[in-house]
Every structure is written in structure tokens, then in C-alpha cells.
Amino acid sequence: MDTSHTPELNALAESAGMGLSAVVAGLRTSREVTNKIRYRGEIRELPSREAMKTLLAHLQAALFPTHYGHTDLSDETIDYFVGSQLNAALCILKEQVRRSLYFSSDSEEDSLLRERADVITREFAHQLPDIRDVLVSDIQAAYHGDPAASSISEILLCYPGTTAIIYHRLAHALHQLGAPLLARLIADIAHSATGIDIHPAAQIGPSFFIDHGTGVVIGETTIIGRNVRLYQAVTLGAKRFPQEPDGSLVKGIPRHPIVEDDVVVYAGATLLGRITIGQGSVIGGNVWLTHSVPPASNISQAEMLSDCHQP
Ligand SMILES: CC(=O)OC[C@H](N)C(=O)O
């Protein structure tokens, strides 16, 4: 018999000497007594970030097969490729939706959650052609909105704003269909990959373009019209957080800007509160704006300073 210790056994022997059983028992008490991790008596199965990353890779490949799937597809193979990517994506999605539903439902039967996961997955799949059409408008907006862009392929392969809006439109659909936790997970994967933080509930019209993108934040109740362009470090945020009588923050109330069609917001601008940026306005770099502006406004830092000096 081999008496040599494996690295795992060595590690266990070492940790035994450190009194770890008390720590493990304390962690169990924290899990089971202080914070409830169970759903109907069972340990809750969690959605997996890794599974969601795989799902996103399959979805991106199904949406834009040559750019994100396989560079050598032909007329003969492309539809089969898309079908297989879609099939792989939807198998993962159904399971991840089921797991995520434990977090928005306290007591439903497992069989009901499975049915809801089926419905959400099917409806999501049927929305994909429309989502793709809107994404094409976003990619075209990037091409037309950036003098440095030399081709549509460059927009697809090299722009963080493209990744952010693809993930956002997928996440938004899942959010609307009743899978908010998965939607949030996708938004966070996009944030990690691009530095662009878009809440999945934010409503964004077609032909949307974020150039450069690092540090952009778009809050939960933001509404953005058609043909809007943002640059890096723009914040569409909340100005205040109203409280319930018990002191907790009111959830979900409209508190982020409405940005109408054809608006451009330059780098570093911070727009806070439920204000409206009128159609066709231009908001200059580093502007701090907490009031609405009418259509066709041109707001720059100099403008804001001269406002401050008026009697
Ligand atoms: C973007 C933003 O306003 O963030 C603050 C907070 N998370 C909220 O949603 O109100």
C-alpha cells in the first residue's frame, strides 16, 4: 500500500493542527442559523458565473457567427453552426434561469420553477432576431459616430462599447422576462470585461454608441432614446435616495435621467436625478448637471460657470 501523502492529505493534516474545525463549525452556524441559505429545506443551487460566460460566448456566436464564432464559415455551414450555438446556449440558459428563479420566489414548487424557466428561455430565444436587428443599428451608429472607425468588423472585434451593448440588450431581455438575477450577472460580466456598468433594467433605444467606454455608469431607471452617443466616464446616476418610514431605501423609483433622441454626452459628464436632456442636446465634457435642459441645448462647463455667476 502506498503510504505517501497526497498534497490534499498533507494540507488536511496541516489544517487539523490549526484548530480549523471550530472555524468550519462557526461558518456552518453563520450559514444555517444566522443567514438562511436553504430553499424549501434544500441548499439553494446558485446560478454560475462561469456557465453564464459560456452561454454568452454561444449567444454571441449565434448572433454574429463569423466574428464571434468561427472565422471560416461558409454558405453551407453557417446555419448549422448558428443552430448548434443556439442549442448549446439555450440548454445552459434554461438551467441557469431555473436556478436564478429561487432568488425571486420564496416558496414555489420546483416543477413550477422549471416550467417558468422553460417559458422564459423560449420567449428569450424568439426575441433574438429582433435583438440582433437593434444591435446592427448600434454597430452602424458606432461606425458613423467615430471618425477613427475604419470598418464594421473593427467595431465588432475591437470596441468595448460593442460588447457592453450586446450584453446589455441580452440582459435587458432577460430582465423584462422575469430573470433579474441572471440579467444582473450578465451586466456584471460586461462591466468586468469593459469597464462599462449598465444596469440591465435601463431602457436604451436603437443606434446607441458608447465610444471608449471605460468608467461609463448607466443607472437602473435611465431611459435613453434613439441615436444617443456617450463617451468614457459619463455617469447617468441618481441624485438622492428617498427612504421608507423604517429608514430603508425606497427601491426601484425613477431616479435616473431621461436622455432624449440624438443627444451626445462627452467624457466625464455627470448627469444626476430624474432630469430630462432634451432632444438633440450636447452635454460637454466634465459637466455636472442636476436639472433638465430643453431640446437642442448646448451645455458646457463654461456655460455652467456663467450660470453660477448670474444674480
Ligand atoms: C447609477 C446610480 O445612480 O447608482 C446609485 C444607486 N446604485 C442607484 O441605482 O440609485
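Order of appearance sets the numbers: ligands from 1, and atoms from 1 within every ligand. Bear in mind that the values here come from a model prediction, so they are computed numbers and not experimental data.
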Under 3.5 Å: N/O of Arg255 near N/O of ligand 1: yes
So is His256 in contact with ligand 1, going by heavy-atom distances below 4.0 Å?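 Right, His256 reaches ligand 1.
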In ligand 1, which numbered atoms sit nearer than 4.0 Å to a non-hydrogen atom of Val217?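 Answer, ordered by atom number: 1 (C).
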For ligand 1, which atoms sit closer than 4.0 Å to a heavy atom of Gly219? 1 (C)
May I ask whether atom 10 (O) of ligand 1 is less than 4.0 Å from at least one protein heavy atom? yes
Is there a side-chain contact between Leu289 and Leu272 in this structure, where contact means two heavy atoms from C-beta onward sitting under 4.5 Å apart?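 When only atoms from C-beta onward are counted, Leu272 and Leu289 do not touch, as no gap falls below 4.5 Å.
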Find out whether Asp110 and Arg114 are in side-chain contact, i.e. whether some heavy atom of one side chain is under 4.5 Å from a heavy atom of the other. yes
Please check if any side-chain donor atom of His199 sits under 3.5 Å from a side-chain acceptor atom of Thr222, or the reverse.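 No, because no side-chain N or O of His199 sits under 3.5 Å from a partner of the opposite role on Thr222.
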Closest protein heavy atom to atom 3 (O) of ligand 1, given as residue, atom name and distance to 0.1 Å: Ala238 N, 2.7 Å
Please state which protein non-hydrogen atom is closest to atom 6 (C) of ligand 1 and give its distance, to 0.1 Å?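 Ranking protein heavy atoms by distance from atom 6 (C) of ligand 1, first comes Phe241 CE2, 3.9 Å.
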Any Lys/Arg nitrogen of Lys94 or Asp118 sitting under 4.0 Å from an Asp/Glu carboxylate oxygen of the other?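 Salt bridge: yes.
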Does a salt bridge link Glu220 with Arg255, judged by any charged N lying under 4.0 Å from a carboxylate O?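 A salt bridge links Glu220 with Arg255.
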Should the ring pair His70 and Phe81 be called parallel, tilted or perpendicular, given that the plane angle runs from 0 to 90° and is split at 30 and 60? perpendicular
